[in-house]
Protein chains: 2
Amino acid sequence: MPTPRRAGAERAGPEANGGPQTAAGRPRSEEAHRAILDATLSLLVEVGYSALTVEGIAQRAGVGKATIYRRWPSKLPLVVEAFGDLPAFEEADTGGLASDLDRILRSYVRVYNTTPLGAVVPSLAGELPHNPQLMDLFAPVVKQRRQPLIRALHRAIERGEIPPDTDLDLAADMIVGPMTVRVFFTPGKLSPKIVPAMIALALDGLRRGGAAGSAGS
Amino acid sequence: MPTPRRAGAERAGPEANGGPQTAAGRPRSEEAHRAILDATLSLLVEVGYSALTVEGIAQRAGVGKATIYRRWPSKLPLVVEAFGDLPAFEEADTGGLASDLDRILRSYVRVYNTTPLGAVVPSLAGELPHNPQLMDLFAPVVKQRRQPLIRALHRAIERGEIPPDTDLDLAADMIVGPMTVRVFFTPGKLSPKIVPAMIALALDGLRRGGAAGSAGS
DNA sequence: CTCTTACGATACTATACGTCTCGTTCCTTT
DNA sequence: AAAGGAACGAGACGTATAGTATCGTAAGAG
């Protein structure tokens with residue numbers, strides 16, 4: 001328990017950012033907010049997650065540590081929110097699954113190669129098995145990110161390109177799996193050269209019902 | 001530089017474990033060695049890598065911290081060695097690629113479900129992008145682990161089951177990718193039900209040259 | 001103009017890594 | 001059997017970081 005005497009205690013508390021300040025007083029600086037998120041991302045690129053320190057973020061953003069902890073309860077949610085600000089994958093509706101996949105997967109490669117995504121994803125994934133609340137935080141973001149792919153598969157079913165009983169989540173795992181493995185275990189730039197191979201493999205398999213929901217008996 | 005005055009300093013140093021003690025004196029306890037590795041694995045299962053502490057390992061193993069640092073220069077190599085002690089995936093040579101994959105992938109599921117592998121791999125992978133020396137440590141172990149799969153693919157090429165220009169590493173990534181994604185983002189037990197789907201998908205794609213080394217134009 | 005809150009700064013507590021030094025134990029050599 | 005040397009468990013120590021608490025100040029709301 002802290003001393004009952006508190007001078008400038010926060011009222012909004014470290015709940016979800018943007019929690020409305022209940023009443024008058026100096027409003028939270030939107031500028032500081034952005035500076036913190038920007039500093040987090042740029043430091044992630046430079047030093048990686050494990051070497052990321054809150055003091056380093058505060059210093060680069062030009063804010064005090066308390067200003068960070070006033071908005072995020074710990075380092076992890078901050079990184080998760082910064083992660084959510086990274087560019088999304090491209091939406092593609094070209095009329096055919098093959099060309100949709102080509103567009104989408106190439107945007108995966110582009111995003112992985114030009115943002116800290118490749119560094120952040122493994123770091124956060126490594127925490128998942130033992131941090132259920134991070135799971136709650138992270139799952140919707142991951143789900144959101146794969147929507148373009150899910151929607152492309154959905155349209156392919158409607159066009160009759162792949163079997164109607166295809167398990168969309170499993171199919172999506174199969175399509176992005178190879179790329180994900182490379183991102184995790186082969187740090188460095190991802191070559192766009194693997195995209196055609198991934199598409200050829202996935203397309204053939206999917207058309208033949210390789211990801212049918214009932215395949216597992 | 002330490003003080004020149006040293007009472008009971010180690011001579012073998014923290015090099016590769018098993019470095020021969022050069023001369024007389026009390027030999028290193030093999031019992032302590034195993035207790036440390038076992039404690040490392042069991043703690044990994046319980047608290048995960050990020051919450052793993054050397055002091056905790058020492059306490060559970062019933063040894064002093066110095067006994068750990070006498071063998072491993074830091075926490076990372078210790079974890080990597082403990083990781084290397086996990087059971088390998090099954091070797092399968094049944095005469096056909098489909099049945100080989102079935103055996104191998106089912107052993108993947110079994111190992112993931114009965115050992116801490118699913119918790120350790122994401123944790124370590126998360127450190128990779130910004131820790132080159134862990135990369136050097138970890139890469140050979142990972143390579144070793146996928147040999148049964150690589151050999152099965154190699155035999156499939158010799159039998160003419162898949163195109164001779166198949167890129168073995170890429171093909172292996174494609175086969176284990178979906179399962180890996182699920183291990184990383186969906187903690188919990190892996191269902192063997194996805195194995196047939198994975199095989200159907202991969203096999204079709206591979207036979208048609210989906211992982212040809214030249215596919216990328 | 002005043003009140004309230006956020007601000008940057010910084011001291012503080014707690015924890016962990018990795019180093020070092022104890023006194024003790026136990027194997028090897030003579 | 002005796003002596004010596006190295007590893008042993010224990011834990012103090014220095015450094016670094018997470019996260020908390022408190023300062024005096026700045027700034028918007030009423």
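Throughout, protein chains are lettered first and strands after them, A, B, ... in sequence-line order, and every chain is numbered starting at 1.
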Side-chain donor/acceptor of A:Arg26 to base of C:dT4, under 3.5 Å: no

Backbone of A:Ala39 reached by a side-chain donor or acceptor of A:Ser42 within 3.5 Å: yes

Atom-pair distance (CZ on A:Arg60; P on C:dA9), nearest Å: 16 Å

Distance in angstrom units between A:Glu31 CD and D:dG28 C1', rounded: 15 Å

Contact under 4.0 Å: B:Arg70 side-chain N or O vs D:dC8 OP1/OP2: yes

Sugar-phosphate only, base, or nothing, as touched by A:Lys65 at under 4.0 Å among non-hydrogen atoms: base

Proximal nucleotide (of C:dA16, D:dC8, C:dC7) relative to the A:Arg28 side chain: C:dC7

Rounded distance in Å - NE2 (B:His33) to P (D:dC8): 10 Å

Rounded interatomic separation in angstrom, taking CD from B:Glu30 and C1' from C:dC26: 16 Å

Between C:dG18 (P) and B:Ile57 (CD1): distance, integer Å: 11 Å

Sugar-phosphate, base or nothing in reach of B:Ala66, heavy atoms under 4.0 Å: base

Toward the 5' end of DNA chain C, by each residue's nearest nucleotide, B:Val54 or A:Ala61: A:Ala61

Distance, rounded to the nearest Å, where B:Gln59 contributes CD and C:dT15 contributes P: 13 Å

Shortest side-chain distance from A:Lys75, nucleotide among C:dC27, D:dG19, D:dA7: D:dG19

Residue met sooner reading DNA chain C from 5', once A:Ala32 and B:Glu55 are mapped to nucleotides: A:Ala32

Under 4.0 angstrom between B:Thr67 side-chain N/O and D:dG9 OP1 or OP2: yes

Gap between atoms CD1 and P, on B:Ile68 and C:dA16 respectively (whole Å): 14 Å

Sugar-phosphate, base or nothing in reach of A:Leu52, heavy atoms under 4.0 Å: sugar-phosphate

Below 4.0 Å: OP1/OP2 of C:dA6 and any side-chain N or O of A:Ser29: no

Aromatic B:Phe89 / basic B:Arg145 pairing, under 6.0 angstrom, 45° off normal: yes

Side-chain N or O of A:Arg71 closer than 4.0 Å to phosphate OP1/OP2 of C:dC7: yes

d(CG, A:Leu76; C1', D:dG19) in whole Å: 14 Å

B:Asn113 (side chain) donor-acceptor with B:Lys189 (main chain) under 3.5 angstrom: no

Main-chain N/O of B:Leu168 paired to B:Thr166 side chain as donor or acceptor, under 3.5 Å: no

Ring-face cation of B:Lys75 near B:Tyr49 (centre distance under 6.0 Å, axis angle within 45°): yes

